[in-house]
Structure formats: structure tokens, C-alpha cells
Amino acid sequence: MNKDEYKKLVDKLTPKENKSKNAFYSFLVGGLMGVIAEALVVLGTNLFKLPKTEAYLWVCLIIIFFGCLLTALGFFDNLVSKAKAGLIIPTTGFAHSVMSATLDYKRDGFITGVGANYLKLAGSVILYGILSAFFCACIGVIFHG
Amino acid sequence: MNFLNAFLFSGIACFLAQVILDNTKFTPGHVTSLFTVFGAFLGLFGLYDKFIEFAGGGATVLISNFGYQLYNSAMLGYEEMGILGLFSGLLTKGSCAIVGVIIFSFILMLIFKPRD
């Protein structure tokens, strides 16, 4: 069997996903996450009289807490398999990656398991976030003074 | 009206992410890193401020907001302390997400057992 035949076989055997359905669900769920966050911001600014910047940070914390809680309870994987990127791109995806790594390595002990592996998946977000933010800030300093 | 903006903005961002996921070999890890980097870039051009004004919570709930927060607090640090501020200020706003996720995940990890 040569390479082309093998490639065709692989293409045939990989399960086909319904791309338009996936995209629609992620649009819907992602949009809902935005609406929930906006509702919490409105609640915070009106009910607790927070300034907007603080309200955004509180909402960030609340979303992260619920992302962690749902992952720990075991609902999150089912939700992600339906909503796909709709729950990965909001901050819940970040929370989910840390929480699931922490839970998975619990049985390996606190130092060699949890301590060594808790940023296994979210590490890339933090590393490249800091790198890109630092270089963008350098460029911004040069151009904007 | 603000709710509609929030819905549309975060919905379209997630839609784009799903299109990237489906049509390339990127994993969710790639896409979240890409969005974070993109947030910092948009912050550099002053666009993310406008997105937050436009969509409110819809823009701050996305992971790209994390990159923007890092960029924004680095610039604020520079205004306060110069070059040193770039290093010491970079995590001021972003630490909310990092510390939050570590504290919550550790506490919940102590309570819950891993599923098989």
C-alpha cells in the first residue's frame, strides 16, 4: 500500500463530524456565555455599585469558579463534547484545563503529582500570553512613548 | 442592546475558533494560546478597548481578554515605574485569573475525587 492509498483509507475511516452543526452550537453557547457575563457585570455595577473594571474582574473570578466546579462534578466534559469551542474559548476552558489536570494527578501525590502537573495544559496560555504581552508592551512603549 | 452586542461578539469569536478547530489540525490548546496572543496584539493596536466598550462582558469573558489584561497592566506599570514596571506590573490584572484558578482548583481537588 503506498502513501496515497493509505491517506485515502485514513480519510475514509476517520469519523466525519458535522462542521456546520458544531459551528452553530459553539456560536450559540459562546454567545450565551457572553450574555451571562454581561448580566453579571450589570448586576455588579447596579446592585453592588462596583466600578466597571472591578466588575469585570469579579465576573472573571465567578466564571472561573463555575468552570472549576462543573469540571470537578464531572459535567464539563459532556458539555464540551456538545458545545465544543463555545466553552473552550471563554475563560471556562482555562479553568477546566487546570482543574482537570489537578484532579487527574491527585493520585500521584501532592508534590510529584499535583504540584508538577497542574499547569500542564494551561501553561501554554500563560507562557505565550506573557511573552506576547511583554513584546507588545515593548513595541507600544517604543511607539506611543 | 448591550446584551445583543455581548452575544454577537463572544458568539462570533467562538464560531471562528470552532471553524479553526474543524478545518486545521490545531488542538484546543493551540486555539486558546492563539486567542491569548491575539488579545495582546489587539490591545497593542487599541482595538480591544473598543471591543470591551462595544460588547462589555461579551469581550471580557473570552480568553483573549487575559492577553489584553497582561498587555494593559504592563503598559500601566510602565507609566508608573518605567522599564521595571514592564516586569513588575505585567501580572497585576492577570493574576486575578491565575490565582483564582489555582485557589479554586486546589480547594475543589481536596473535596472531589477524580473520575475514571
Side-chain angles (χ1 to χ4, degrees), chain A residues 17 19 22-23 26-41 56-57 59-61 63-65 68-69 72-74 84-86 88-91 93-95 97-99 102-104 106-107 114 118 121-122 124-126 128-130 132-134 136-141, chain B residues 2-3 6-15 17-19 21-23 28-29 31-33 35-37 39-41 43-44 52 55-63 65-67 70-71 74-75 78 86 90-91 93-94 96-98 100-102 104-106 108-109 111-115:
Chain A
E17 290 197 67
K19 287 181 185 173
N22 281 347
S26 49
F27 173 73
L28 206 68
V29 176
L32 270 179
M33 290 301 297
V35 170
I36 292 170
E38 177 64 21
L40 287 171
V41 168
Y56 288 142
L57 290 177
V59 171
C60 183
L61 269 183
I63 298 268
I64 284 177
F65 176 72
C68 285
L69 187 69
L73 290 170
K84 311 268 176 182
I88 295 170
I89 295 303
T91 323
F94 180 66
S97 61
V98 175
M99 187 73 223
T102 326
L103 266 184
D104 282 347
K106 188 185 178 183
R107 58 170 75 90
V114 176
Y118 75 107
L121 302 160
S124 66
V125 171
I126 295 179
Y128 293 111
I130 289 179
S132 62
F134 186 79
C136 286
C138 287
I139 297 168
V141 163
Chain B
N2 221 356
F3 284 95
F7 182 82
L8 285 178
F9 186 83
S10 60
I12 287 170
C14 294
F15 173 81
Q18 184 60 39
V19 170
L21 266 181
D22 274 345
N23 294 307
V31 179
T32 41
S33 308
F35 266 67
T36 317
V37 172
F41 270 116
L44 173 61
I52 291 179
T60 55
V61 78
L62 302 176
I63 193 73
N65 185 53
F66 182 66
L70 295 178
Y71 167 79
M75 290 304 276
Y78 179 78
L86 281 184
L90 193 123
L91 284 175
K93 278 185 189 164
C96 191
I98 298 177
V101 84
I102 289 174
F104 293 143
S105 68
F106 195 84
L108 289 170
M109 181 270 292
I111 299 170
F112 290 95
K113 285 194 180 114
R115 293 177 316 132

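Throughout, protein chains are lettered first and strands after them, A, B, ... in sequence-line order, and every chain is numbered starting at 1. Computed from a prediction, not measured in an experiment: that's the story for all the values here.
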Colleague: Measuring heavy-atom distances to chain B, does A:V59 have an atom under 4.5 Å in its side chain, in its backbone, in both, or in neither?
Modeller: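 No part of it gets close to chain B.
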Colleague: So that I know where these two stand, are B:F7 and A:F27 an aromatic pair - ring centroids less than 6.0 Å apart?
Modeller: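 So the answer is yes for these two rings.
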Colleague: Under 4.5 Å heavy-atom distance to chain B, tell me which part of A:V114 shows up: side chain, backbone, both or neither.
Modeller: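 Side chain only.
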Colleague: Using non-hydrogen atoms only, which part of A:L28 is less than 4.5 Å away from chain B: side chain, backbone, both, or neither?
Modeller: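 Contact with chain B: backbone and side chain both.
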Colleague: Relative to chain B, which segment of A:Y118 carries a heavy atom at a distance below 4.5 Å: side chain, backbone, both, or neither?
Modeller: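 Looking at A:Y118, just its side chain touches chain B.
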Colleague: What option among B:A17, B:G56, B:G67 has the most heavy-atom pairs under 4.5 Å with chain A?
Modeller: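 Top count of heavy-atom pairs under 4.5 Å with chain A: B:G56.
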Colleague: Counting distance only, does the side-chain N/O of A:K106 pair as donor-acceptor with the main-chain N or O of B:F112 below 3.5 Å?
Modeller: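 Yes, A:K106 side chain to B:F112 backbone: donor-acceptor pair under 3.5 Å.
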Colleague: For chain B, find which of A:I139, A:V41, A:V125, A:T102 contributes the most heavy-atom pairs closer than 4.5 angstrom.
Modeller: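 Greatest number of close heavy-atom pairs with chain B: A:V125.
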Colleague: Picking from B:V101, B:V37, B:I102, which has the most non-hydrogen pairs under 4.5 angstrom with chain A?
Modeller: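 Most pairs with chain A among the choices: B:V101.
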Colleague: With a 4.5 angstrom heavy-atom cut-off, which part of B:L90 approaches chain A: side chain, backbone, both or neither?
Modeller: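 When you check distances to chain A, only side chain atoms of B:L90 fall under 4.5 Å.
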Colleague: A:L121 and A:V98: side-chain contact (heavy atoms from CB on, under 4.5 Å), yes or no, with the steps?
Modeller: CA-CA 7 Å; A:L121 302 160; A:V98 175; over 6 Å; no
Colleague: Give, as side chain, backbone, both or neither, the part of A:L40 having an atom under 4.5 angstrom from any heavy atom of chain B.
Modeller: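 For A:L40, neither part sits under 4.5 Å from chain B.
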Colleague: Examine whether an atom of A:A39 lies under 4.5 Å from a heavy atom of chain B, and if so say whether it belongs to the side chain, the backbone or both; otherwise answer neither.
Modeller: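 Contact with chain B involves both backbone and side-chain atoms of A:A39.
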Colleague: Name the region of B:F35, side chain, backbone, both or neither, that has any atom closer than 4.5 Å to a heavy atom of chain A.
Modeller: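 Contact with chain A is through the side chain of B:F35 alone.
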Colleague: What are the two closest heavy atoms between B:F9 and B:G58, and how far apart are they?
Modeller: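 For B:F9 and B:G58, the tightest heavy-atom pair comes out as CD2-O, 3.7 Å.
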Colleague: Looking at B:F104, I want to see if its CZ is surrounded by more than 12 non-hydrogen atoms of other residues, nucleotides or ligands under 6.0 Å.
Modeller: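 Buried by this count: over 12 neighbours within 6.0 Å.
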Colleague: A:C136 versus chain B, heavy atoms under 4.5 Å apart: side chain, backbone, both or neither?
Modeller: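 The answer is both parts of A:C136.
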Colleague: A:F94 and side chain to side chain contact (heavy atoms under 4.5 Å, CB included): which partner among A:I63, A:I88, A:I89, A:I126?
Modeller: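 For A:F94, the side chain to side chain contact (heavy atoms under 4.5 Å, CB included) check succeeds only for A:I126.
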Colleague: Kindly indicate whether the side chain of B:Y71, heavy atoms from C-beta on, has any atom under 4.5 Å from the side chain of B:L44.
Modeller: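 In short, these two side chains touch, coming nearer than 4.5 Å.
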Colleague: Sort out for me which of B:V61, B:L86, B:T32, B:I98 touches chain A most, counting heavy-atom pairs under 4.5 Å.
Modeller: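 Looking at each option in turn, the highest pair count goes to B:V61.
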Colleague: Name the option with the most non-hydrogen atom pairs under 4.5 Å to chain B; the candidates are A:C60, A:G129, A:C68.
Modeller: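 Counting heavy-atom pairs under 4.5 Å, the top option is A:C68.
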Colleague: With respect to chain A, which residue among B:S33, B:A55, B:G39, B:G57 yields the maximal number of heavy-atom pairs within a distance under 4.5 Å?
Modeller: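 When all of B:S33, B:A55, B:G39, B:G57 are compared, B:G57 has the most.
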Colleague: So which residue, B:I63, B:I12, B:V19, B:T36, ends up with the most heavy-atom pairs under 4.5 Å with chain A?
Modeller: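 The residue among B:I63, B:I12, B:V19, B:T36 with the greatest pair count is B:I63.
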Colleague: Show the nearest heavy-atom pair for residues A:L103 and B:K113, with the distance to one decimal.
Modeller: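 Scanning both residues completely, I find the closest heavy atoms to be CD2-C, 4.2 Å.
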Colleague: Contact between A:E38 and B:T60 at the side-chain level, heavy atoms closer than 4.5 Å - yes or no?
Modeller: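 A side-chain contact under 4.5 Å is absent here.
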Colleague: Considering only heavy atoms, which portion of B:I52 lies under 4.5 Å from any heavy atom of chain A: side chain, backbone, both, or neither?
Modeller: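 It is both, since atoms from each part get that close.
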Colleague: Count the heavy-atom pairs under 4.5 Å between each of A:I36, A:I130, A:D104 and chain B, then report the option with the highest count.
Modeller: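 Ranked by contacts with chain B, first place is A:I130.
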Colleague: Is there side-chain contact between A:T91 and B:L62, with heavy atoms separated by less than 4.5 Å?
Modeller: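 They are not in contact (no side-chain heavy atoms under 4.5 Å apart), so the answer is no.
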Colleague: Heavy atoms only: give me the nearest A:G30-B:C14 pair and the separation to one decimal.
Modeller: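 That closest heavy-atom pairing would be CA-SG, 3.5 Å.
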Colleague: Could you tell me which of A:G74, A:A95, A:G93, A:G86 has the largest number of non-hydrogen atom pairs under 4.5 Å with chain B?
Modeller: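 Going by pairs under 4.5 Å, I would pick A:G74.
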Colleague: Within the supplied structure, the quantity of interest is the number of heavy atoms (other residues, nucleotides, ligands) at a distance under 6.0 Å from A:Y128 OH; does it exceed 12?
Modeller: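 No, because the 6.0 Å sphere around OH of A:Y128 holds 12 heavy atoms or fewer from other groups.
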